Amino acid sequence: EKGGFDFFMEKEIAEQPEALASTLSGHLENGRIVLDEQRLTDQDLRDVDKVFVVACGTAYNAGLLAKYAIEHWVRIPVEVELASEFRYRDPVLDRSTLVVAISQSGETADTLEAVRHAKEQNARVLAICNTNGAQIPRESDAVLYTHAGPEIGVASTKCFLAQIAAAYLVGLALAQARGTKYADEVAREFDAMEQMSAVIADVLTTMDPVRELARDLAKADTVLFIGRHVGYPVALEGALKLKELAYIHAEGFAAGELKHGPIALIEDGLPVIVVMPSREGRAVLHSKMVSNIREIQARGARTIVIAEADDEGAAAVADHLIVIPKTPTLLQPLVTTVPLQIFAATVAATRGYDVDKPRNLAKSVTVE
Ligand code: M6R
């Protein structure tokens with residue numbers, strides 16, 4: 001059942017190339033992005049002038065990434081909100097608001113209630129879900145299924161990557177409806193996403209040094225994660241994986257926030273995992289991150305830097321370097337997440353914990 005792996009989670013990490021490919025498959029037809037259960041008209045999509053993404057946990061982190069892509073491609077504002085906060089805050093919603101609910105299970109109570117609230121306020125609701133016929137897609141106006149296959153491990157892995165891809169498809173569908181991207185540009189973005197399957201497959205074959213590092217750091221009390229731009233949600237996801245699986249205090253920060261407080265946490269030997277911005281795609285952020293690394297090293301941090309191939313700037317400062325292939329900026333999270341998943345799973349296994357069933361957690365949270 002576990003396909004030769006010790007844990008379902010490891011199997012599910014290994015299945016990510018297929019999860020991504022199946023999620024994208026069939027969604028570009030004659031140069032147009034198609035959704036699954038489309039009960040919204042083209043005009044409805046054209047009228048969307050504001051997007052809210054609502055989700056919990058890992059799905060929320062996927063939603064944060066959606067904001068970067070949708071705002072960039074569609075030029076409409078996107079807010080990302082924890083589903084548990086959304087409806088208690090009287091959000092401003094109307095018929096031209098699209099609420100995108102992301103949920104692997106499609107049964108998460110907070111996300112379902114957020115969907116119901118949005119519908120009561122006449123907003124349009126689109127669900128991104130991995131479970132056919134679950135409650136959230138049933139109550140939504142349109143659905144995009146992530147075809148990641150069943151995810152057994154409590155920690156979400158392949159569904160995270162599939163959710164990112166699905167959310168990007170929503171961005172492309174909106175760009176197409178609102179005319180902010182030509183058909184050939186939409187097709188190019190789609191192809192670039194499709195090519196990421198092979199890239200992730202390659203990354204998966206280079207992860208032994210990450211496992212070694214994880215065994216070495218398994219006794220850490222705290223691990224911090226920092227990122228900028230799309231690396232920031234990845235840092236949050238890396239920290240979430242580590243705390244839920246390894247029961248280690250882990251926090252993710254936007255690196256620019258370090259000086260506003262978190263840098264006070266740095267002490268001798270503290271591991272800090274850095275998700276490096278692309279040197280070519282985000283040169284300014286790259287150099288700011290090199291400075292951040294120097295600042296925390298000067299205070300004793302042990303830096304583990306995930307950086308693109310040929311990133312000499314990162315290689316020169318990192319205490320440990322994890323090299324990933326170069327990708328377009330918005331697609332970088334599909335690869336930078338992989339070492340963080342493997343890191344958390346290996347630390348947890350080294351500490352002797354059940355990687356598939358972490359304490360105190362359930363796969364699907366059906367109470368608020
Ligand atoms: O089924 P959902 O996607 O709605 O679940 C949301 C969260 O409960 C889930 O992502 C949780 O954070 C995972 N255990 C994280 O690995």
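For ligands, and for the atoms within them, numbers begin at 1 and follow the listed sequence. Just so we're clear, the structure is a prediction, and the values are computed from it rather than from any experiment.
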Peer 1: For atom 8 (O) of ligand 1, what is the closest protein heavy atom, and at what distance to 0.1 Å?
Peer 2: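 Result for atom 8 (O) of ligand 1: Val365 CG2, 4.2 Å.
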Peer 1: Which word best sums up how the rings of His229 and Tyr68 line up, parallel for under 30°, tilted for 30 to 60°, or perpendicular for over 60°?
Peer 2: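 The rings of His229 and Tyr68 stand perpendicular, inter-plane angle above 60°.
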Peer 1: Within the structure, is a non-hydrogen atom of Ser364 found at a distance of less than 4.0 Å from ligand 1?
Peer 2: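 Checking ligand 1 against Ser364, which is what was asked, there is no heavy-atom contact under 4.0 Å.
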Peer 1: What atoms in ligand 1 come closer than 4.0 Å to a heavy atom of Gly57?
Peer 2: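 Answer for ligand 1: 12 (O).
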Peer 1: What protein heavy atom lies closest to atom 2 (P) of ligand 1? Include the residue and the distance to one decimal.
Peer 2: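 Scanning the protein heavy atoms, the shortest distance from atom 2 (P) of ligand 1 goes to Thr108 OG1, 3.3 Å.
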Peer 1: Closer than 4.0 angstrom, basic N to acidic O: yes or no for Glu212 and Arg215?
Peer 2: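 A salt bridge is absent here (no side-chain N lies under 4.0 Å from a carboxylate O).
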Peer 1: Name the one of Glu244, Glu151, Glu107 that satisfies salt bridge (charged side-chain N to carboxylate O under 4.0 Å, His left out) with Lys363?
Peer 2: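 When Glu244, Glu151, Glu107 are each tested with Lys363, the salt bridge (charged side-chain N to carboxylate O under 4.0 Å, His left out) holds only for Glu151.
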Peer 1: What is the closest protein heavy atom to atom 1 (O) of ligand 1, and at what distance does it sit?
Peer 2: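 Answer for atom 1 (O) of ligand 1: Ser105 OG, 2.7 Å.
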Peer 1: If you count the atoms of ligand 1 from 1 in the order shown, which ones are under 4.0 Å from a heavy atom of Gln104?
Peer 2: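 In order of number, 1 (O), 2 (P), 3 (O), 4 (O).
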Peer 1: Any atoms of ligand 1 less than 4.0 Å from a non-hydrogen atom of Ser103? List them with their elements.
Peer 2: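 So the atoms of ligand 1 that pass are 1 (O), 2 (P), 3 (O), 4 (O).
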Peer 1: Is the NZ or CZ atom of Arg359 positioned over Tyr247's six-membered ring, under 6.0 angstrom from the centre and within 45° of the axis?
Peer 2: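 Satisfied, under 6.0 Å and within 45°.
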Peer 1: Is there a side-chain hydrogen bond (donor to acceptor under 3.5 Å, both in side chains) between Gln297 and Arg294? Walk through the geometry before answering.
Peer 2: CA-CA 5 Å; Gln297 275 173 336; Arg294 291 211 176 94; over 6 Å; no
Peer 1: Can you name the atoms of ligand 1, numbered from 1 with element, that are less than 4.0 Å from a heavy atom of Ser156?
Peer 2: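 With Ser156 as reference, the close atoms of ligand 1 come out as 15 (C), 16 (O).
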Peer 1: Provide, to 0.1 Å, the distance between atom 11 (C) of ligand 1 and the closest protein heavy atom, together with that atom's residue and name.
Peer 2: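 Among all protein heavy atoms, the one nearest atom 11 (C) of ligand 1 is Thr58 N, 4.2 Å.
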Peer 1: Of all the atoms in ligand 1, which lie at a distance below 4.0 Å from a heavy atom belonging to Lys241?
Peer 2: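 Those atoms are 15 (C), 16 (O).
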Peer 1: Near Ala59, which atoms of ligand 1 are under 4.0 Å from a heavy atom of that residue?
Peer 2: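 Close to Ala59: 3 (O), 10 (O).
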Peer 1: Kindly give the heavy-atom pair with the smallest separation between Val80 and Leu64, and that separation in Å.
Peer 2: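 Val80 and Leu64 have their closest heavy atoms at CG1-N, 3.7 Å.
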Peer 1: CD of Glu189 to CG of Leu169: how many Å apart, nearest 0.5 Å?
Peer 2: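 Answer rounded to 0.5 Å: 11.0 Å.
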Peer 1: For atom 6 (C) of ligand 1, grab the closest protein heavy atom and report residue, atom and distance to one decimal in Å.
Peer 2: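 The protein heavy atom lying closest is Cys56 O, 3.4 Å.
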Peer 1: CD1/Ile226 to CG/Leu236 distance, rounded to the nearest 0.5 angstrom?
Peer 2: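 Ile226 CD1 to Leu236 CG: 12.5 Å, rounded to 0.5 Å.
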Peer 1: Looking only at non-hydrogen atoms, which of Lys363, Glu107, Glu237, Glu244 approaches atom 16 (O) of ligand 1 most closely?
Peer 2: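 Of the listed residues, Glu244 has the closest heavy atom.
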Peer 1: Show the numbers, then the answer: is there a side-chain hydrogen bond (donor to acceptor under 3.5 Å, both in side chains) between Arg228 and His286?
Peer 2: CA-CA 9 Å; Arg228 283 175 178 267; His286 181 274; over 6 Å; no
